[in-house]
Amino acid sequence: MRASAWRSAIVASAAALVLAACGGGEVPRGDDGGDGVLNLGYVLPETGPLAAFGPAQIESVRLAVEDINDAGGVLTQPIPEVVGADEGGTARSAAQAADRVLSLGVDAVIGASSSEASLSVVDSVTGAGVLQCSGSNTASALRDHPDSGLYFRTAPDDTLQAKVLSKLVTEDDNERVGIVARGDDYGTGLLDATSKELKAAGAGVVLGETYEPGTKDFDRLARQLRDADVDAVVLASFDEGAALLRAMIGAGVGPQQVDVYGADGLRRAELASEVSPDDPGVLAGMKGTAPAVADDEYAERLRKFAPDLVDLQYGAQVFDCVTVVALAAQAAQTDDPIVFAAEVGRVTTGGEKCGSFAECKRLLDQGTDIDYDGVSGPLDFVERGEPGKATYAVYGFDPSGALRTERTEQASTSN
């Protein structure tokens, strides 16, 4: 489908959804669906299993808005203070947070952070005719979820992460791999995709197990890994991963005995001290993958903007969410999400390259098509509203338990 046809289809389907939700009446906005001011809200974690990632995402929203307003705002108006709510650690808390933000009349919601949370709120957000953009949803379950063209993500689908993760495992000559994952859309999706990639590369997946989110006792799973005689273990976990790693170490299948790999949910600077406060070196040699920050200058700016931040994970992708939403509204010349959602794909592909809101806005003001390359890397949105390529950091833990980025790897839908 050509880009122009795709945009028209998005507008038509989104408008139809909102009209249906309103009983066939008018879309509940102004004459053009907007009031001239782009209002943003966020649903991001302040508590729950992803609380460690929340501060960087929230501060990235604020930094992006500051950049946008310093460049003259959107439609000549500054973006007002962003309203937000804590997605918490359950689908119910995320849904309540989304309802609070929607009640304030926002045009776009940034978040939620976890894929499970977004699956619990996407229908209410897009059903209200509001655009949603997440910087950290990676579950493949969101790829084809019906959203009438109003849901987007700057985080790449985990089918891309699985390519990089499986390459990391197989280049270390591992043949008997065990995979343990959260029993939610994120974990099961990454388990399935990574298993597929590993098998295609000739590695044997001898164990693939899930556990319920909220699990605290992992002794049984650790024994299963030991009894399966694995030479490598892949983990798709969030904050409970520290307890899982402790159990693995106790069963003799920790990073000192077998190769252990984590995904994005375990890329945390505090992980080693959470596993063993007295001996953080027990994670030495553990590796993993996570979407990267492609722009070192952005990382420095964010740390200066919010000096207390520990982890920057997914901050860059959230920054790009805000910037893309603002550029789409500027390109469409309206804050009506039913209209400007159609511009999201256009401002990230096929035009003149630009790397900031200010630079891109100048080009738009000149009537130039733009291709925003974000601080998380080239976005190049594909038709379903997500990056078609991504940059991943390969991370590791050194003998002191410190988190290090060892290199970056590229993945795309075409490789």
Side-chain angles (χ1 to χ4, degrees), residues 49-50 53 87 91 94 111-123 125-126 132-169 177 179-201 205 208-213 234-238 241 261-267 288-292 313-314 317-318 320-321 344-345 348 376-377 379-392 409-415:
L50 289 181
F53 299 146
E87 79 178 59
S113 185
S114 82
S115 298
E116 198 77 5
S118 276
L119 284 163
S120 73
V121 306
V122 64
D123 292 341
V125 174
T126 61
Q132 180 180 349
C133 184
S134 173
S136 54
N137 291 167
T138 61
S140 297
L142 283 156
R143 182 194 310 158
D144 300 314
H145 188 86
D147 54 46
S148 294
L150 289 170
Y151 170 84
F152 301 88
R153 54 181 173 181
T154 52
D157 188 299
D158 269 329
T159 54
L160 297 186
Q161 179 165 207
K163 295 181 180 184
V164 180
L165 187 54
S166 64
K167 177 185 175 185
L168 185 61
V169 174
V177 184
I179 305 177
V180 178
R182 288 172 60 90
D184 58 13
D185 289 292
Y186 162 75
T188 57
L190 190 53
L191 186 156
D192 291 344
T194 305
S195 296
K196 180 180 178 181
E197 293 290 339
L198 285 169
K199 290 174 182 177
V205 178
E209 287 289 331
T210 61
Y211 59 86
E212 287 299 313
V234 176
L235 304 177
S237 299
F238 289 161
Y261 304 87
D264 48 310
L266 288 178
R267 189 184 184 276
T289 57
Q313 181 76 356
Y314 285 117
Q317 287 77 13
V318 168
D320 285 342
C321 255
V344 171
T348 62
S376 63
L379 295 170
D380 292 349
F381 273 16
V382 294
E383 186 174 324
R384 59 181 177 259
E386 62 187 37
K389 61 178 65 173
T391 302
Y392 286 90
E409 293 276 354
Q410 303 289 324
S412 72
T413 55
S414 61
N415 66 12

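- A search for side chain to side chain contact (heavy atoms under 4.5 Å, CB included) contacts involving Ala290 returns Asp264, Arg267, Gln313, Tyr395, not counting sequence neighbours.
- Within the 4.5 Å cutoff, no side-chain heavy atoms of Val125 are placed close to those of Leu150.
- Glu212 contributes no side-chain N or O that, together with a main-chain N or O of Asp184, makes up a donor-acceptor pair within less than 3.5 Å.
- Proximity of a side-chain donor or acceptor of Thr210 to a complementary backbone N or O of Gly183 within less than 3.5 Å is not detected.
- Applying the side chain to side chain donor-acceptor pair (under 3.5 Å) test to Ser113 and every residue at least two apart in sequence or in another chain returns Gln57, Ser136.
- For residues 151-162, the salt bridge (Lys or Arg N to Asp or Glu O under 4.0 Å) pairs, not counting sequence neighbours, are Arg143-Asp157, Arg153-Asp157, Arg153-Glu386.
- To the nearest 0.5 Å, atoms OG (Ser115) and CZ (Arg182) are separated by 10.0 Å.
- Residues that satisfy the side chain to side chain donor-acceptor pair (under 3.5 Å) test with Gln132, not counting sequence neighbours, are Ser118.
- Shown here for Gly377 and Asp320, the closest heavy-atom pair between the two residues is N-OD2, 4.5 Å.
- Without hydrogens or angle criteria, Gln161 side chain to Leu190 main chain gives no donor-acceptor distance under 3.5 Å.
- Residues forming a ring-ring contact (aromatic ring centres under 6.0 Å, His included) with Tyr261 (at least two apart in sequence, or on another chain): none.
- The minimum heavy-atom distance linking Val121 with Ala94 is given by the pair CG1-O, 3.4 Å.
- Under the 4.5 Å side-chain criterion, counting only non-hydrogen atoms from C-beta, Ser148 is not in contact with Thr126.
- For residues 189-200, no residue pair satisfies the side chain to side chain donor-acceptor pair (under 3.5 Å) rule, not counting sequence neighbours.
- Note that CD of Glu116 is 9.5 Å distant from CG of Leu142, once rounded to the nearest 0.5 Å.
- For the atom pair Cys133 SG and Tyr151 OH, the distance stands at 8.0 Å (nearest 0.5 Å).
- Residues passing the side chain to side chain contact (heavy atoms under 4.5 Å, CB included) test with Ala155, sequence neighbours excluded: Thr138, Tyr314.
- Scored by the side chain to side chain contact (heavy atoms under 4.5 Å, CB included) test, Ala141 finds Leu119, Asp185 as partners (sequence neighbours excluded).
- Residues Phe381 and Thr154 meet the side-chain proximity criterion, which asks for heavy atoms closer than 4.5 Å.
- The side chain to side chain donor-acceptor pair (under 3.5 Å) check on Ser237 picks up Tyr211, with sequence neighbours excluded.
- Every side chain to side chain contact (heavy atoms under 4.5 Å, CB included) that Pro156 has, sequence neighbours left out, goes to Leu160, Pro291, Ala390, Tyr392.
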